[in-house]
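Worksheet: one structure, shown below.
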Amino acid sequence: MAGEARLKKTRNFGVVAHIDAGKTTFTERVLYYTGRTHKIGEVHDGTAVMDWMEEEQERGITITSAATTCQWGDYTLNLIDTPGHVDFTIEVERSLRVLDGVVAVFCAVGGVEPQSETVWHQADRYQVPKIAFVNKMDRVGADFGAVLQQMRDKLGAAPLPLTIPMGAEDQFRGVIDLLTMEALTWDEADQGATYGRGPIPEGMAEEAASARTALLEALSETDDNIMEMYLSEQDIPQKDLVAAIRRACIGLKLVPVFAGSALRNKGVQPVLDAVVAYLPAPLDIPPVEGINPENGQAERRAADDSAPFSALAFKVQMDQGRKLVYLRIYSGKLKAGGEVYNASKGQVEKVARILRMHANKRERLDEAHAGEIVGAMGLKNASTGDTLALKDRPILLDPMEFYEPVISVAVEPRTVGDQDKLTLALDKLADEDPTFRVRLDEDTGQTIISGMGELHLEVLVHRLKREFGLEVGVGRPQVVYREAVTKEAQVEEVFDRDLGGSRQVGQVRLAVGPNPRGGGNTQRVEAPEDQLPTHLDALLRQTIEEGLMSGVVLGYPVVDTWVHVLGGAFTPGVSTDLGYRLACSLALKKALTEAGPVLLEPVMRVEVVVPEEFMGEVIGDLNARGGSVELVEPKGGTNVIRASVPLKAMFGYSTSLRSATQGRAIFTMQFSHYDRVDEKRR
């Protein structure tokens, strides 16, 4: 297929959702209906194709994003199924960075849940067009209208229902297509592979007409052509409606919404039709932008096979000891056996093999083209977020931002002889996962691993045993603290000593103060040139950066702090670079000490869904843990409690919640912000 024609018929999209909204179940139907698989895999049986890791099959959750390619008609769909658990949110983040569109799956009972909000806002940040699928319409408590309202209230979205459910709970029997005004019903005998179109049931004619009118009114507000036809009461051709919905979806003005039940095999095919009809092709998104690392000039690369090659490495996975790198190719072609330039690392690497991925299975390709998502073997030094290009036409795409870990544990091998194997295995896991960190505690000699939550670290420890044959002992979880200052302080420090037989002299005056919480660290060198020559600027900045890595309270990194170098003294022939470096380091420590340093701890956003009779106990327990309850919201016979609680108080919470509520309450937790440690609870 010629380049442009192929790109027009390519869709790169992901499936995102809160845990247990039915995302992987939906994806399994997509694979079956597109002919990619010949049997529907089920999450509850541990047979889901996209949940291929043993950890995923045992736990019934998605841990790592899995990519596959399938055909819907003559369209090629490159699909990524992402995790729904907050501990693995980096998998969603890095997938959204390279996708052109998403299908967001919502539970018709749970509605817009915490992780749904997180992934939605991640997609907003990357300006990714979205389609929504309201799943589990067959469940008790399913409410299509309530989910639409929550999308408006919680996500600030403008939902545009294109199908509405016929019935709900055990009465759910299909959907009404509001574009064709037909009822769609699925055949149970062939697992929903075929479905029929028929007249709308009489009892729903009025509701369907009302929903159709709402659809036309919403479209009129975003499209002048539709408005003109609607106001003049013309019959609007379906092709004009489809074109208008596509423009509104790609322009991030409206979100097409569909109803169904993936587990009952109802409502999935209209979503696939919508992916083709409304989500962008690689040609519909603006050319990717980056910087030429040689001259600092901005560059753009359009989705075109004949353009210079550029790609982003968005995921690294260890595959039987070898590194598999997932690439989104933005422009040009990639040939197996060819060389690429890693512009992020300044190195030339060879691509040994190119693979089209299907979860953990793959198919070898001779070459890959613009707009494709593929796996590559042989890229030994590539990391998540690296840009690959041509040596003579380099480009650096925007790097990816990663979350900072909030929880740590100490790990040690069962035998001394396994220490080297453990170090090697942890390095490989850290290569895969940018939110997983490994360090050696110099005081205790222990290996400390840090991650996004207890489940995150538990899964990694299990993988050490399963994939590397390593039994490890695990210490109690530790909170990762930070430090900050509460007021401004200004100091001047003179360094004048003999070091290694030569005199080192420097004098620096600097000030520190607090930035708003979450504002990060900032630094400026404002000293007059006669006091501090400009060639020292980079040296002083680096010294400050390194100095903020270890605070004065307990040695944790300092955050949300500004540092301004105000002046100093320079004596030609006497002052030295090392003298300035040491003077700056001493001045910074002294200033931090005088600026009211405090310890900060991670505070989690906790949401508990609990039956009415256990409300008092749950709220009392959260208060006892130092939490502050922000909202209590009734929801279909239960209550949703939202609270902010220090992470250190949440260890083992799932066990105590189960025993306090006879196992009838569930909770989710995700990082919210760092806040000052309550001294009474420290």
Side-chain angles (χ1 to χ4, degrees), residues 15-23 84 86 89 92 96 102-137 139-165 168-169 178 207 210-211 213-215 217-222 245 248-249 251-260 604-610 612 615 619 628-644 666-673:
V15 184
V16 301
H18 184 88
I19 191 167
D20 207 30
K23 177 174 40 58
V86 66
T89 195
V92 187
L96 288 172
V102 298
V103 173
V105 179
F106 297 103
C107 171
V109 182
V112 177
E113 296 167 285
Q115 184 65 0
S116 311
E117 290 185 60
T118 301
V119 297
W120 192 275
H121 295 316
Q122 285 173 319
D124 281 343
R125 188 161 69 250
Y126 292 118
Q127 297 202 304
V128 180
K130 297 168 280 286
I131 286 172
F133 177 61
V134 179
N135 191 25
K136 303 192 179 185
M137 280 305 307
R139 284 266 308 275
V140 175
D143 190 334
F144 186 68
V147 179
L148 296 178
Q149 193 55 48
Q150 286 181 36
M151 288 177 68
R152 295 183 191 99
D153 296 343
K154 294 185 178 180
L155 305 176
L160 183 75
L162 297 184
T163 68
I164 59 170
E169 302 180 346
L178 296 178
E207 186 183 336
S210 172
T213 301
L215 182 154
E217 286 173 355
L219 263 186
S220 298
E221 288 173 19
T222 66
I245 296 167
C249 179
L252 307 178
K253 293 174 182 172
L254 295 172
V255 178
V257 183
F258 297 83
M604 311 305 283
R605 190 161 75 242
V606 178
E607 186 167 295
V608 187
V609 181
V610 58
E612 181 75 46
M615 278 270 294
I619 290 175
S628 62
V629 174
E630 292 155 4
L631 178 75
V632 177
E633 183 183 21
K635 193 174 187 181
T638 61
N639 285 282
V640 178
I641 302 168
R642 287 205 183 121
S644 293
I666 57 168
F667 85 102
T668 54
M669 175 175 81
Q670 63 191 102
F671 174 72
S672 173
H673 62 282

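Keep in mind that the numbers below use all heavy atoms, side chains included, and drop hydrogens, waters and symmetry copies. Sequence positions, counted from 1, serve as the residue numbers for this chain.
- The structure places OG1 of Thr222 at 12.5 Å from CD of Glu217, a figure rounded to the nearest 0.5 Å.
- The two residues Lys154 and His121 make their nearest non-hydrogen contact at O-NE2, 4.1 Å.
- Closest approach of Asn135 and Ala21 over heavy atoms only: ND2-O, 3.0 Å.
- What you find for Met137 and Ala259 is that their closest heavy atoms are CG-CB, 4.2 Å.
- Contact annotation: the side chain of Val140 never approaches that of Val109 to less than 4.5 Å [non-hydrogen atoms, C-beta and beyond].
- Residues meeting the side chain to side chain contact (heavy atoms under 4.5 Å, CB included) test with Ala218, sequence neighbours left out: Leu160.
- In this structure, CE on Met615 lies 5.0 Å from CD1 on Ile641, to the nearest 0.5 angstrom.
- Every residue two or more places apart in sequence or in another chain that forms a side chain to side chain contact (heavy atoms under 4.5 Å, CB included) with Glu113 is listed here: His18, Cys107, Ser116.
- At least one side-chain heavy atom of Leu252 sits under 4.5 Å from a side-chain heavy atom of Pro129.
- When the side-chain hydrogen bond (donor to acceptor under 3.5 Å, both in side chains) test is applied to Gln149, the partners found at least two apart in sequence or on another chain are Arg152, Asp153.
- At least one side-chain heavy atom of Val632 sits less than 4.5 Å from a side-chain heavy atom of Ile619.
- The backbone N or O of Phe258 lies less than 3.5 Å from no partner atom in the side chain of Thr163, so there is not a single donor-acceptor pair.
- Taking all atoms of both residues into account, the shortest heavy-atom contact from Val128 to Leu96 is CG2-O, 3.9 Å.
- Applying the side-chain hydrogen bond (donor to acceptor under 3.5 Å, both in side chains) rule to Glu169 yields no partners; only residues at least two apart in sequence or on another chain are considered.
- Rounded to the nearest 0.5 angstrom, Ile245 CD1 and Leu219 CG are separated by 5.0 Å.
- Remark: Ala211 engages Ile164, Leu178 in a side chain to side chain contact (heavy atoms under 4.5 Å, CB included) (not counting sequence neighbours).
- A heavy-atom distance below 4.5 Å is found between the side chains of Val255 and Trp120.
- No side-chain heavy atom of Val257 sits under 4.5 Å from any side-chain heavy atom of Phe106.
- For Val15, the side chain to side chain contact (heavy atoms under 4.5 Å, CB included) partners are Phe13, Lys23, Phe26, Thr27, Leu79, Asp81, Val105, not counting sequence neighbours.
- For Lys136, the side-chain hydrogen bond (donor to acceptor under 3.5 Å, both in side chains) criterion is met by no residue, not counting sequence neighbours.
- Sequence neighbours left out, the pairs with a member in residues 115-135 that pass salt bridge (Lys or Arg N to Asp or Glu O under 4.0 Å) are Glu93-Arg125, Asp124-Lys130.
- The side-chain hydrogen bond (donor to acceptor under 3.5 Å, both in side chains) check on Ser220 picks up nothing, with sequence neighbours excluded.
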